[in-house]
**Student:** 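Right, I'll just put the structure down here and ask away after.
All residue numbers refer to positions in the sequence shown, counting from 1.
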Amino acid sequence: MNNDRSKAIARMRELVAAKVPFVHQGRDFNGIDCVGALIYAEEYDGDIPSYPDNPVNGELERHLSSILGPPTFVRPFDYGLLLPGDILSMQYKGPIRHVALVVPHVSIPNQLSIAHTDSSVGYVTEHILDLKWLRRIVKVWRR
């Protein structure tokens, strides 16, 4: 994984600006999923095994931990500790099935956002890191 946080943020912003469409297990500008966006941002060139649309049994987090080591924070934690470049695993309902990158908000000083591929939006996007998104964070990795 690339250890340059600012470079990872810039690369993720390329995906957001291009509105790269969501495609499950996509890995390029023709279509990408949340893991693919993270792979692109971090310039990861290792093997990523295939996974279902809704990974169960901790597959997604096990793979993140095998690459990044143990998480820096595990829920519950002080959300004020989040920094741009942090990698998040997130939970909606059921198992953890989503990852995102923390980025500085594009226009609001001192505000954080997450950049990720959102299947409900249909492309790579940025969302302000409000309570709705904060509640979904389960683990945080910091390089």
Side-chain angles (χ1 to χ4, degrees), residues 1-106 108 111-143:
M1 284 277 189
N2 174 17
N3 282 328
D4 184 342
R5 296 162 71 85
S6 60
K7 187 172 182 183
I9 291 166
R11 289 176 63 82
M12 184 64 88
R13 287 263 160 92
E14 290 173 20
L15 298 172
V16 171
K19 292 188 176 180
V20 176
F22 171 81
V23 173
H24 178 62
Q25 294 195 13
R27 297 292 180 259
D28 58 35
F29 275 72
N30 294 314
I32 205 161
D33 66 5
C34 63
V35 172
L38 189 59
I39 289 168
Y40 178 80
E42 295 290 337
E43 299 180 284
Y44 181 69
D45 62 359
D47 183 43
I48 302 292
S50 62
Y51 48 88
D53 234 355
N54 292 304
V56 294
N57 302 321
E59 297 139 325
L60 185 57
E61 289 184 299
R62 272 196 309 279
H63 199 69
L64 279 172
S65 290
S66 73
I67 295 167
L68 300 170
T72 307
F73 305 113
V74 177
R75 180 172 60 191
F77 66 93
D78 178 355
Y79 297 128
L81 298 173
L82 291 171
L83 295 174
D86 285 347
I87 296 169
L88 310 175
S89 69
M90 304 179 87
Q91 182 176 29
Y92 294 80
K93 292 180 183 175
I96 288 128
R97 60 181 191 88
H98 192 59
V99 295
L101 187 70
V102 177
V103 298
H105 192 277
V106 70
I108 304 172
Q111 177 63 52
L112 296 176
S113 295
I114 58 168
H116 62 127
T117 303
D118 189 325
S119 61
S120 64
V121 174
Y123 51 85
V124 183
T125 188
E126 182 176 331
H127 287 106
I128 195 162
L129 197 48
D130 60 12
L131 192 55
K132 168 188 163 182
W133 292 102
L134 289 169
R135 288 182 178 154
R136 293 175 175 170
I137 300 169
V138 178
K139 295 182 182 175
V140 179
W141 285 265
R142 181 172 293 159
R143 298 154 342 285

**Student:** Rounded to the nearest 0.5 Å, how far apart are CD1 of I137 and NE2 of H98?
**Tutor:** 10.5 Å
**Student:** Does a side-chain heavy-atom distance below 4.5 Å link P70 with S65?
**Tutor:**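 A side-chain contact is absent here, since even the closest heavy-atom pair is not under 4.5 Å.
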**Student:** Flag this pair as yes if the NZ/CZ of R27 is under 6.0 angstrom from the six-membered ring centre of Y40 and inside a 45 degree cone about the axis; otherwise no.
**Tutor:** no
**Student:** For the pair M90 and R97, evaluate side chain to side chain contact (heavy atoms under 4.5 Å, CB included) and give the outcome as yes or no after the intermediate values.
**Tutor:** CA-CA 7 Å; M90 304 179 87; R97 60 181 191 88; over 6 Å; no
**Student:** Sequence neighbours left out, what passes side-chain contact (heavy atoms from CB on, under 4.5 Å) with A18? Give chain and number order.
**Tutor:**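 V20, F29.
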**Student:** Given the rule in the side chain to side chain contact (heavy atoms under 4.5 Å, CB included) test, do D86 and R143 qualify, once you have shown the distances and angles that lead to the verdict?
**Tutor:** CA-CA 8 Å; D86 285 347; R143 298 154 342 285; over 6 Å; no
**Student:** Is any side-chain heavy atom of I67 closer than 4.5 Å to one of Y44?
**Tutor:**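 Result yes, sub-4.5 Å side-chain heavy-atom pair found.
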**Student:** Can you tell if the side chain of M12 reaches within under 4.5 Å of the side chain of H116, non-hydrogen atoms only?
**Tutor:**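 Result no, sub-4.5 Å side-chain heavy-atom pair not found.
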**Student:** Going by the rule side-chain contact (heavy atoms from CB on, under 4.5 Å), which residues pair with L131 if we only count those two or more places apart in sequence or in a different chain?
**Tutor:**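 side-chain contact (heavy atoms from CB on, under 4.5 Å) check on L131 returns R135.
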**Student:** Does CG in D45 sit with more than 12 non-hydrogen atoms of other residues, nucleotides or ligands closer than 6.0 Å?
**Tutor:** no
**Student:** Taking side chain as C-beta onward, heavy atoms only, is F22 less than 4.5 Å from D118?
**Tutor:** no
**Student:** Return the set of residues passing side-chain contact (heavy atoms from CB on, under 4.5 Å) with P21 (not counting sequence neighbours), or none when no residue passes.
**Tutor:** none
**Student:** CG of L101 to CG of L15: how many Å apart, nearest 0.5 Å?
**Tutor:**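 Those atoms lie 10.5 Å apart.
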**Student:** Could you pull out the closest heavy-atom pair between V74 and K139, with the gap in Å?
**Tutor:**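 Nearest heavy atoms, V74 then K139: CG2-CG, 4.2 Å.
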**Student:** What's the separation between atom CD1 in I108 and atom OG in S113, rounded to the nearest 0.5 Å?
**Tutor:**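 Reported value, rounded in 0.5 Å steps: 7.0 Å.
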**Student:** Does a side-chain heavy-atom distance below 4.5 Å link T117 with V35?
**Tutor:**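 T117 vs V35: side chains apart.
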**Student:** Decide yes or no on side chain to side chain contact (heavy atoms under 4.5 Å, CB included) for N30 and V23, but give the supporting numbers first.
**Tutor:** CA-CA 8 Å; N30 294 314; V23 173; over 6 Å; no
**Student:** Give, for atom CG of L82 and atom CG of L129, the distance between the pair rounded to the nearest 0.5 Å.
**Tutor:** 6.0 Å
**Student:** Looking at V99, V138, I114, which hits side chain to side chain contact (heavy atoms under 4.5 Å, CB included) with L88?
**Tutor:** I114
**Student:** Drop me the distance from I96's CD1 to E61's CD, to the nearest 0.5 angstrom.
**Tutor:**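 The distance works out to 3.5 Å.
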**Student:** With a 4.5 Å limit on heavy-atom distance, are the side chains of H105 and I128 in contact?
**Tutor:** yes
**Student:** Examine distances only and state if a side-chain atom of T72 and a backbone atom of R142 form a donor-acceptor pair shorter than 3.5 Å.
**Tutor:** yes
**Student:** Do you know which two heavy atoms are closest between L112 and P104, and how far apart they sit?
**Tutor:** CD2-CA, 4.3 Å
**Student:** Between Y79 and F77, what is the ring plane arrangement, given parallel below 30°, perpendicular above 60°, and tilted in between?
**Tutor:** perpendicular
**Student:** Would you call E42 and I87 a side-chain contact if the rule is heavy atoms closer than 4.5 Å?
**Tutor:** yes
**Student:** Measure the acute angle between the ring planes of Y92 and W133, then classify it against the limits of 30° and 60° as parallel, tilted or perpendicular.
**Tutor:** perpendicular
**Student:** Kindly indicate whether the side chain of H127, heavy atoms from C-beta on, has any atom under 4.5 Å from the side chain of V121.
**Tutor:** yes
**Student:** Given side chain to side chain contact (heavy atoms under 4.5 Å, CB included), test T125 with V16 step by step and report yes or no.
**Tutor:** CA-CA 5 Å; T125 188; V16 171; 5.6 Å; no
**Student:** Which atom names give the shortest non-hydrogen contact between P84 and I9, and what distance separates them?
**Tutor:**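 Looking at all heavy atoms of both residues, the closest pair is CB-CD1, 3.6 Å.
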